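Everything on this sheet refers to the single structure shown next.
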Amino acid sequence: MSLLEVATAIDSTSLSTALKSVSWIVPLVQSVHILMVGVVFVSILMTSLRLLGRVRADEPLPQVWSRFAPFFWTGLALMIVTGALLVIAEPVREFMTLSFRLKMIALAICIVSAAVFGHRMRGASLSLSQEAALPAGLRAVAIATLALWVAIIFLGRAIAYDDSVWGDWSPAVLQRVA
Amino acid sequence: MSMQTQMPPAFIHSIEASAVGEWMRSNLLAMPWVNAAHVLCVTLVFGTVLVVDLRLLGLLDRGRAVTGISREMLRLTWTAFAGAALSGLLFFSANATTYWFNTAFRFKMLAIVLAGVNMLVFQTVTFRSVASWDRGSPPRAARVAGALSILIWVSVIVLGRVIGFTKSVDVSVPENIDFDFSAGP
């Protein structure tokens, strides 16, 4: 079964039909999705900036993460639920773009990375003076994570312009030609 | 359509006719990049404002000084807001007339002004007594300002999304061109 066939099958489900039938559902779900992206992104931003020594220098790293982690995970859960609803509403539009596919890969990397980071922070009682001993690579991870989240946001918006952005690499173009 | 008989103010027309507007309409990649930058900046504005608002409501960072948090976050908020305003203006220049007559757009601008007023009142009145509640529980006026701020910024984002679904695209067909559809597709 090709991805297009999967998308077409989802498109004909009753949930998909229901989501499409009311004009204000998609904009409303998109709004909640964007709000949750804000919550998730800023939770990551604060933790990354703390790792880079730009904010909250007086607060130990594990404590900074424990403040933002509940917002990160709750925001992420709602972001995924609203995102899934948007995919169910318009599966062909999402699946048949390179932007969406790259976004999902980047998102998976970010979630795994946050889970690993959170696991390492849990129960860690790192005093401010001990932080100098943190592996230098962690700063690089912070920058890479921020870059990935920026990419996720850009790719999310690029779904609507997939063929302009990617040209012949866009599956939407191939689909149209076929 | 009644909309086409309405004329926008002259400055709206000149924004749309400007070189920037023309570039936004003609460059294939301008719209996606500006659009993505706008969303990025808007999520940053919302998220950073939320950190301060949640502190005012006592739901985040209890025990941390309000002054420290607001100083740290405001830098980020203003940078993101500048980016959002700039990318928003670029957007606007592409279809200024359409935006001008769009109800959701007007309400969004109104909501941004309200957010500014709320912030101004908070900064000039409520924040004066901050020394007495910096590390403790903020007074009712501060909590109200925080709640209002969340409400207003949520509306800004919802209205922004509604614009995308309600604005019509300006397509003008030159009058001196005859189309011949007889040949079929």
Side-chain angles (χ1 to χ4, degrees), chain A residues 23-46 49-50 54-59 63-64 66-72 74-75 79 82 86 97 99 103 146 149-167 170, chain B residues 26-55 59-65 68-69 71-77 79-80 83-84 87 91 104 108 150-151 153-166:
Chain A
S23 64
W24 51 262
I25 289 186
V26 169
L28 185 74
V29 176
Q30 279 184 351
S31 300
V32 178
H33 192 66
I34 293 173
L35 290 167
M36 291 308 118
V37 171
V39 171
V40 167
F41 183 48
V42 168
S43 304
I44 292 294
L45 179 71
M46 292 307 288
L49 288 179
R50 172 62 187 81
R54 295 307 191 89
V55 296
R56 302 183 178 227
D58 59 323
E59 194 168 54
Q63 202 178 323
V64 174
S66 72
R67 286 189 193 276
F68 287 98
F71 291 93
F72 173 79
T74 312
M79 189 185 91
T82 49
L86 293 171
T97 62
S99 306
K103 181 183 171 178
L146 279 180
W149 277 104
V150 170
I152 288 171
I153 293 173
F154 267 71
L155 288 168
R157 206 60 278 251
I159 291 169
Y161 304 95
D162 206 61
D163 48 355
S164 303
V165 174
W166 300 107
S170 169
Chain B
S26 57
N27 190 316
L28 207 58
L29 285 176
M31 203 56 102
W33 281 98
V34 169
N35 202 326
H38 193 64
V39 172
L40 177 72
C41 291
V42 168
T43 55
L44 269 175
V45 169
F46 173 69
T48 54
V49 163
L50 191 64
V51 172
V52 179
D53 293 340
L54 290 177
R55 172 62 184 90
L59 296 170
L60 174 75
D61 279 340
R62 265 177 303 220
R64 271 188 82 76
I69 293 168
R71 198 181 319 118
E72 231 166 45
M73 300 316 288
L74 273 179
R75 262 187 323 183
L76 294 168
T77 307
T79 311
S87 51
F91 251 132
K108 181 178 173 179
I150 294 175
L151 201 69
W153 284 108
V154 167
S155 322
V156 169
I157 289 182
V158 173
L159 288 165
R161 220 47 309 264
V162 173
I163 295 171
F165 283 82
T166 54

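In what follows, every chain begins at residue 1, and chains take the letters A, B, ... in the order their sequences are listed. Values in this document were obtained by computation on a predicted structure and should not be read as measured data.
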Ring centres under 6.0 angstrom apart (A/Phe154, B/Trp33):
yes
ask   = Within the side chain of A/Arg56, is there an N or O that forms a donor-acceptor pair under 3.5 Å with the backbone of A/Arg50?
value = no
A/Ser99 and A/Asp162: side chain donor to acceptor below 3.5 Å | yes
Cut-off 4.5 Å, heavy atoms of chain A, and the answer for B/Leu29 is side chain
Turns out that what part of A/Met46 lies under 4.5 Å from chain B's heavy atoms comes down to side chain
Ion pair check, A/Glu59 and A/Arg67, cut-off under 4.0 Å: yes
The interface call for A/Leu49 against chain B, heavy-atom contacts under 4.5 Å, is side chain
Is it true that a side-chain atom of B/Ser87 and a backbone atom of B/Ala84 form a donor plus acceptor pair closer than 3.5 Å? yes
Honestly, the part of B/Val51 sitting under 4.5 Å from a heavy atom of chain A is side chain
Most heavy-atom pairs under 4.5 Å with chain B, out of A/Val32, A/Val55, A/Leu155, A/Val150, belong to A/Val55
Cut-off 4.5 Å, heavy atoms of chain A, and the answer for B/Arg62 is backbone
When the 4.5 angstrom heavy-atom criterion is applied to B/Ile150 and chain A, the contacting part is neither
Value for CG (B/Asp53) from CD1 (B/Ile69), rounded to nearest 0.5 Å, stands at 11.5 Å
If one checks every heavy atom of B/Leu54 against chain A at 4.5 Å, the contacting part turns out to be side chain
Comparing A/Ala158, A/Ser164, A/Gly156, A/Pro70 against chain B, the one with the most heavy-atom pairs below 4.5 Å turns out to be A/Ser164
Contacts of A/Phe68 meeting ring-ring contact (aromatic ring centres under 6.0 Å, His included) (sequence neighbours excluded), chain-then-number -> none
Okay, B/Leu50 and chain A: the region with an atom under 4.5 Å from a heavy atom over there is side chain
The interface call for A/Leu45 against chain B, heavy-atom contacts under 4.5 Å, is side chain
